[in-house]
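Below: one structure, written as structure tokens.
Just so it is clear, the structure is predicted and the values come from calculations on it, not from any experiment.
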Amino acid sequence: MSRAVFVHKHGGPEVLSYEERELPPPGEGEVRIRHRAIGLNFIDTYQRTGLYQVPLPFVAGNEAAGEVTQVGPGVTDVKVGDRVTYQGAVGAYADERNVPAARLAPIPDDIGFDVAAAATLKGVTAYYLLHETWQLKPGDKVLVHAAAGGVGSLLVPWAKHLGAFVVGTAGSAAKVQQALELGADHAIDYSVEDFPSRVRELTDGRGVDVVYDGVGQATFEGSLDSLRPRGLLVSYGNASGPVSIPSLVVLSVKGSLYLTRPSTATYMATTEQLRTAAAAVFAAVKAGVLDVKVNQRYALSDAAEAHRALEARETTGSTVLLP
């Protein structure tokens with residue numbers, strides 16, 4: 001019997017239910033994966049609460065790494081024994097599952113399962129944010145919110161490697177120090193400082209070219225106020241709550257600003273896009289550009305506690321669940 005964490009109704013971490021289930025054989029184009037590590041991400045909490053709609057009931061989770069144990073009809077590019085990872089396929093909180101082979105990316109032999117599970121979704125997110133949503137150039141000035149968090153801890157060193165001037169924010173003195181250790185030129189504790197004013201000081205009044213904001217509601221207005229004229233706000237997450245704009249005129253008033261709300265589903269829509277991005281992430285890890293820190297590990301049966309810690313902002317770096 002397989003075990004998985006189900007969501008039968010929307011709500012807090014307590015609605016996560018660890019249960020046994022039977023799996024059918026993999027279908028056309030699918031493979032069976034034995035999970036070795038499962039990534040924890042904020043999108044998992046959004047789906048659990050119903051902010052992002054997934055038909056009930058469902059198995060939680062969107063990212064995992066493991067070994068292929070069975071191949072279904074029509075699969076030609078994946079074989080039994082392959083080490084693979086994926087993101088964006090709901091149902092990851094399980095010891096094993098069936099998943100479309102087209103949604104898999106290979107894991108290099110010298111990358112561990114825990115690193116792959118921690119780095120795939122957050123890593124490909126960092127990849128497209130820096131290389132596609134905004135094509136970062138040497139000398140660009142960027143602001144990264146939650147710089148010690150899962151995506152932020154990858155954005156900061158990667159942006160520095162690409163030649164940017166990086167300002168990070170975090171919600172405590174300890175996390176500010178972590179942002180600096182990751183390579184940020186400056187770090188701001190936005191629980192005690194007015195970060196837009198500080199950003200203006202650090203950029204001689206100009207503002208930054210781009211803001212990467214995964215926090216959402218709590219930082220949105222300040223993010224707009226941190227941008228130079230015609231700068232770009234990339235709102236890619238809602239850790240503090242979703243964002244709404246009563247009037248688009250605010251973008252004009254604050255300097256003819258640009259705003260985008262990208263999603264991994266759009267940027268990683270094809271197998272080629274996913275495998276290209278994953279290969280870039282793992283190459284950056286192997287080159288030492290990215291140091292994927294798995295700072296928290298929970299048993300899969302303790303997924304509810306992991307969600308509680310994530311939403312309480314008690315985690316740093318990445319967290320994985322272990323079947």
Side-chain angles (χ1 to χ4, degrees), residues 41-42 45 122-123 125-126 129-130 133-134 136 139-228 231-243 250 254-255 257-262 290-293 295 309-319:
N41 298 281
F42 266 106
T45 71
K122 290 178 279 290
T125 300
L129 291 178
L130 295 173
T133 306
W134 175 274
L136 199 66
D140 281 352
K141 294 178 171 60
V142 306
L143 174 63
V144 178
H145 286 305
V151 176
S153 64
L154 302 181
L155 284 171
V156 169
W158 212 342
K160 280 302 299 178
H161 177 71
L162 294 171
F165 174 85
V166 180
V167 180
T169 70
S172 70
K175 290 185 176 183
V176 163
Q177 183 58 39
Q178 290 174 30
L180 293 171
E181 292 171 357
L182 286 163
D185 294 282
H186 297 274
I188 302 166
D189 184 345
Y190 51 29
S191 69
V192 296
E193 289 188 82
D194 180 60
F195 73 84
S197 298
R198 184 70 177 127
V199 168
R200 292 288 174 183
E201 291 175 7
L202 294 170
T203 58
D204 297 324
R206 176 178 178 271
V208 295
D209 298 290
V210 58
V211 176
Y212 294 111
D213 190 342
V215 176
Q217 191 177 85
T219 52
F220 181 74
E221 288 289 339
S223 292
L224 293 176
D225 291 335
S226 299
L227 286 165
R228 65 161 170 82
L232 173 67
L233 170 53
V234 182
S235 177
Y236 70 90
N238 320 285
S240 67
V243 171
V250 68
K254 291 181 180 293
L257 304 178
Y258 295 91
L259 169 65
T260 186
R261 182 59 172 88
L290 300 181
D291 180 13
V292 179
K293 295 185 182 298
N295 291 340
L310 180 67
E311 291 176 297
R313 310 296 288 276
E314 294 174 359
T315 64
T316 59
S318 295
T319 302

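- A search for side chain to side chain donor-acceptor pair (under 3.5 Å) contacts involving T219 returns D213, not counting sequence neighbours.
- In terms of heavy-atom proximity, L232 sits nearest to L259 at CD1-N, 4.1 Å.
- K141 pairs by the salt bridge (charged side-chain N to carboxylate O under 4.0 Å, His left out) definition with nothing, not counting sequence neighbours.
- Summarising the geometry, atom CG belonging to D194 is positioned 8.5 Å from atom OG belonging to S226; distances are rounded to the nearest 0.5 Å.
- Residues satisfying the side chain to side chain donor-acceptor pair (under 3.5 Å) test with S191, not counting sequence neighbours, are D189.
- One finds the CD atom of E221 at 10.0 Å from the CG atom of L233 (value rounded to the nearest 0.5 Å).
- At least one side-chain heavy atom of W134 sits less than 4.5 Å from a side-chain heavy atom of D140.
- Heavy atoms only, all atoms of each residue included: S235 and P262 are closest at O-CD, 3.6 Å.
- Listed here is the closest heavy atom pair of D209 and L227: O-CD2, 3.7 Å.
- Across A146 and V215, no two heavy atoms sit closer than the pair CB-CG2, 4.1 Å.
- With values rounded to the nearest 0.5 angstrom, K122 atom NZ is found 8.0 Å from L154 atom CG.
- Applying the side chain to side chain donor-acceptor pair (under 3.5 Å) criterion to E193, with sequence neighbours excluded, gives no partner residue.
- Taking T260 as the reference, nothing meets the side chain to side chain donor-acceptor pair (under 3.5 Å) condition, with sequence neighbours excluded.
- With rounding to the nearest 0.5 Å, the separation of OG1 in T133 from OH in Y236 is 11.0 Å.
- Applying the salt bridge (charged side-chain N to carboxylate O under 4.0 Å, His left out) criterion to R198, with sequence neighbours excluded, gives E201.
- Residues passing the side-chain contact (heavy atoms from CB on, under 4.5 Å) test with R200: none are found, sequence neighbours excluded.
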- Derivation of the side chain to side chain contact (heavy atoms under 4.5 Å, CB included) call for I188 and V199: CA-CA 9 Å; I188 302 166; V199 168; 4.0 Å; yes
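- For D185, the salt bridge (charged side-chain N to carboxylate O under 4.0 Å, His left out) test picks out K160, with sequence neighbours left out.
- More than 12 heavy atoms of other shown residues, nucleotides or ligands fall within 6.0 angstrom of atom NE2 in H186.
- The distance from atom CG of N295 to atom OG1 of T316, rounded to the nearest 0.5 Å, is 4.0 Å.
- A distance of 10.0 Å separates OG1 in T203 from CG in L143, rounded to the nearest 0.5 Å.
- Closest heavy-atom contact between W158 and A126: CE3-CB, 4.1 Å.
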Per-pair distances, 0.1 Å, donor-acceptor, side chain in residues 173-180, under 3.5 Å, sequence neighbours excluded:
residue: K175; atom: NZ; partner: R313; partner atom: O; Å: 2.8
residue: K175; atom: NZ; partner: T315; partner atom: O; Å: 3.4
residue: Q177; atom: NE2; partner: E181; partner atom: OE2; Å: 3.4

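- With sequence neighbours excluded, no residue satisfies ring-ring contact (aromatic ring centres under 6.0 Å, His included) with F42.
- When all heavy atoms of L182 and A147 are compared, the pair lying nearest together is CD1-O, 3.3 Å.
- By the side-chain contact (heavy atoms from CB on, under 4.5 Å) test, D291 pairs with K293, sequence neighbours left out.
- Counting only residues at least two apart or in different chains, side-chain hydrogen bond (donor to acceptor under 3.5 Å, both in side chains) contacts with residues 142-156 comprise H145-T169, H145-S223.
- Considering only heavy atoms from C-beta on, T45 comes within 4.5 Å of L310 through its side chain.
- For R206 (side chain) and R228 (main-chain N/O), no donor-acceptor pair under 3.5 Å exists by modelled atom type.
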